Amino acid sequence: MSVIAITDVLAGKFPVNEEITVHGWIRTRRDSKAGISFLAIHDGSCFDAIQAVVPNDLNNYQDEVLKLTTGASVKVTGQLVESQGQGQAFEIQATGVEVLGYVDDPDTYPMAAKRHSIEFLREQAHLRPRTNLGGAVTRVRNCLAQAIHRFMHNKGYFWISTPIITASDCEGAGEMFRVSTLDMENLPRTDKGEVDYNEDFFGKEAFLTVSGQLNVETYCSAMSKVYTFGPTFRAENSNTSRHLAEFWMCEPEIAFADLADAANLAEEMLKYVLKAVLEERADDMAFFQQRVDKTVVDRLNNVINNEFVRLDYTDAIEILLNCGKKFENPVSWGIDLNSEHERYLAEEHFNGPVVLQNYPKDIKAFYMRLNDDNKTVAAMDVLAPGIGEIIGGSQREERLDILDARLEEMDLDPEDYSWYRDLRRYGTVPHSGFGLGFERLVAYATGVQNIRDVIPFPRAPKTASF
RNA sequence: UCCCCUGUAGCUCAGUUGGUUAGAGCGGUGGACUGUUAAUCCAUGUGUCGUCUGUUCAAAUCAGACCAGGGGAGCCA
């Protein structure tokens, strides 16, 4: 049996006046004393539900059809016909309704056919995708992921699966989750009384990755154009609408490329995937526009149709100093920009995505390439209005002597980075890359404010239900 | 982690100079009506008032601690 998708039925891919069978869940049931009931059935394949018209002469009409409530699952067979009513082109004139599963207590079924708060839906993560919002987010998220892979593939990039478990303890970017099989009630100890990680699963300390970048640089130094796209973990106690403990990130890494090449790729990629969403998920985007963010479609079109501003950090500081606006945090060359500064630049001054680049070296990571001025590094952030930093990237330091000097400056042990340093010893090449926060992208594309609502099962401090 | 706000029915919320049986809308249920569109109309409310402790003759209401959610900040993607 091949199950047909409601999206294909509504798109007119099946001949009218012939029998079809659809499967799905009831969104609403309306009864008419004319002797028929209307079932709105959705299967997740598209935003709209299909309407089934059920006559009361079906033998299970009284006993079963009239007991269907929101959330029940059904298999409906009947003739596909042009609708007599307004609001839909096609409908099914049912000749058979098979109930697959009732809702056992309709009074307490959480997903009533009514508006729910987004926070409530989050607490019902297992049923959330059945709602208009949950379904739309899921389809847009999928569309964006597919578009990212398609974009990279079309440009000749190889998808590299970098490890989720890392034993390097040298990734640098934030707090890590420990991975261990040691008995926490009874830890093995060394003679000095320290935990003996030689006894642990990997024979040393291990963690969940905070970035695939360092690993993917190795494949970049062989395959030229590569990217990672997978889950990433940060154990920071961040409690905001923009942070997750487990999130997905796409990290392209380009050999023989400088910072401008990375920025250009970032711009091209964002435009490509946002365009794909507008073209492929017009139904869901219309919903977001209507119910979530009245400006979302215009905003995406604005991003697609305009060049991203390129702005040096030094010039950004000048703008902030001369804009006449009072900031909570004082502005001077050398500071790490605060959220209010980034917002001003992206939302007020330019009102569009801004590529901020060439930051002071003291506020950036060791692997970013030192510029000729000896003061700044070839780093870039893409700031988007409403979301803030959506992409962070840099040209990587390919000169071993300078890399070592930076490691020393930052009090890092070169021993920990031996394989990373090898890339600079054996045929080093200039290369650049960036990381795109996937959930931030989904939030930006849909207008949904909280990142926890655009990932199926959000993990955050004190939050790991489901 | 810090600051501010919130936590009352399945859901969204009202309800404090502390005082008998804590309310509304939606949902659900029953009925009416209709090729209906989250239909409409009528009927229908048994709730650890987030948790614990305290103040009081009396606490949804006041105080403290804790837990959870939201907004902002920091960290970052």
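Chain letters run A, B, ... following the sequence lines, proteins first, then strands; residues in each count from 1. Treat the numbers as computed from the prediction; the structure is a model and nothing was measured.
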Please give the distance between the P atoms of G7(B) and G15(B) as a whole number of Å.
10 Å

Between Asn338(A) and A73(B), is there a contact of a side-chain N or O with OP1 or OP2 at under 4.0 Å?
no

Strictly below 4.0 Å, N to O, side chains only: are Lys326(A) and Glu340(A) in salt-bridge contact?
no

So does Asn239(A) get a side-chain nitrogen or oxygen closer than 4.0 Å to the phosphate oxygens (OP1/OP2) of C75(B)?
no

Pair Gln124(A), Arg130(A): side-chain N/O donor-acceptor within cut-off below 3.5 Å:
no

Give Glu246(A) one of three labels, base, sugar-phosphate or nothing, depending on what nucleic acid heavy atoms sit under 4.0 Å from its own.
nothing

Relative to Phe466(A), does Arg128(A) satisfy both conditions: NZ or CZ under 6.0 angstrom from the six-membered ring centre, and within 45 degrees of the ring's axis?
no

Hey, is the side chain of Glu119(A) pairing donor to acceptor with the base of U12(B) inside 3.5 Å?
no

Closest of C76(B), A73(B), G28(B) to the Thr240(A) side chain is A73(B)

Quick one: Asp31(A) CG to G35(B) C1', roughly how many Å, whole number?
13 Å

Looking only at side-chain N and O atoms, does Glu217(A) offer a donor or acceptor that is under 3.5 Å from a partner on Tyr420(A)?
yes

Does the base of G71(B) carry an N or O that pairs as donor and acceptor with the side chain of Gln449(A) under 3.5 Å?
no

OP1 or OP2 of A38(B) under 4.0 Å from side-chain N/O of Thr28(A):
no

Could you check whether Asp105(A) gets within reach of a base, just the sugar-phosphate, or nothing at all, counting any heavy atom under 4.0 Å?
nothing

Looking only at G28(B), G74(B), G35(B), the nucleotide nearest the Thr70(A) side chain is G28(B)

Counting the atoms with a prime plus P, OP1 and OP2 as sugar-phosphate, which does Gly85(A) contact under 4.0 Å by heavy atoms, base, sugar-phosphate, or nothing?
base

Can you find a side chain N or O atom of Ser339(A) that sits less than 4.0 Å from OP1 or OP2 on A73(B)?
yes

Please work out if Leu436(A) contacts a base, only the sugar-phosphate, or nothing of the nucleic acid, heavy-atom cut-off 4.0 Å.
nothing

From the candidates U36(B), U1(B), C76(B), the one with an atom nearest any side-chain atom of Gln51(A) is U36(B)

Tell me which nucleotide among U12(B), U34(B), U36(B) gets nearest to the side chain of Phe120(A).
U12(B)

Donor-acceptor pair present, His116(A) side chain and C11(B) base, under 3.5 Å:
no

Using a heavy-atom cut-off of 4.0 Å across all strands, would you classify Gln84(A) as base, sugar-phosphate, or nothing?
base

Taking donor-acceptor contacts at under 3.5 Å, does the side chain of Arg440(A) reach the base of C76(B)?
yes

I'd like the C1' distance from G19(B) over to C2(B), given in whole Å.
40 Å

Is Ser465(A) touching bases, backbone alone, or none of the nucleic acid, heavy atoms closer than 4.0 Å?
nothing

Side chains of Ser83(A) and Gln88(A): donor-acceptor distance under 3.5 Å anywhere?
yes

Any-strand Watson-Crick or G-U partner of A60(B), both distances under 3.5 Å
none

Between G70(B) and A77(B), how far is it from one P atom to the other, in whole Å?
23 Å

Gln88(A) near the nucleic acid: base, sugar-phosphate alone, or nothing, with a heavy-atom cut-off under 4.0 Å?
base

What nucleotide, of C76(B), U29(B), A77(B), holds the atom closest to the side chain of Asp336(A)?
C76(B)

Using the P atom as the point on both nucleotides, what is the distance between A14(B) and C75(B), in whole Å?
35 Å

Nearest-neighbour nucleotide for the Asn450(A) side chain, G35(B), G70(B), G74(B) considered:
G70(B)

Among A39(B), G71(B), A77(B), find the nucleotide with the atom closest to the side chain of Glu389(A).
A77(B)

Within the 3.5 Å criterion, strictly below it, is a donor on Ser211(A) or Glu251(A) matched to an acceptor on the partner's side chain?
yes

Among G69(B), A77(B), G35(B), which nucleotide has an atom closest to any side-chain atom of Ser83(A)?
G35(B)

Could you measure between the two P atoms, the one in G10(B) and the one in G28(B), and give it in whole Å?
15 Å

Counting side-chain heavy atoms from C-beta on, which of C75(B), U1(B), C76(B) comes nearest to Ser238(A)?
C75(B)

Without hydrogens or angle criteria, can the side chains of Ser37(A) and Asp31(A) be said to hold a donor-acceptor pair below 3.5 Å?
yes

Apply side-chain contact (heavy atoms from CB on, under 4.5 Å) to Thr228(A) and Glu253(A), showing your working.
CA-CA 8 Å; Thr228(A) 74; Glu253(A) 196 71 29; over 6 Å; no

Base, sugar-phosphate alone, or nothing: which one does Leu244(A) contact when heavy atoms must sit under 4.0 Å apart?
base

Can you tell me the distance, in whole Å, between the CD atom of Glu236(A) and the P atom of C75(B)?
10 Å

Report yes if the ring of Phe247(A) lies under 5.5 Å from the six-membered base ring of A77(B) with planes under 30°, and no otherwise.
yes

From the list G70(B), C76(B), U36(B), which nucleotide is the closest neighbour of the side chain of Arg452(A)?
G70(B)

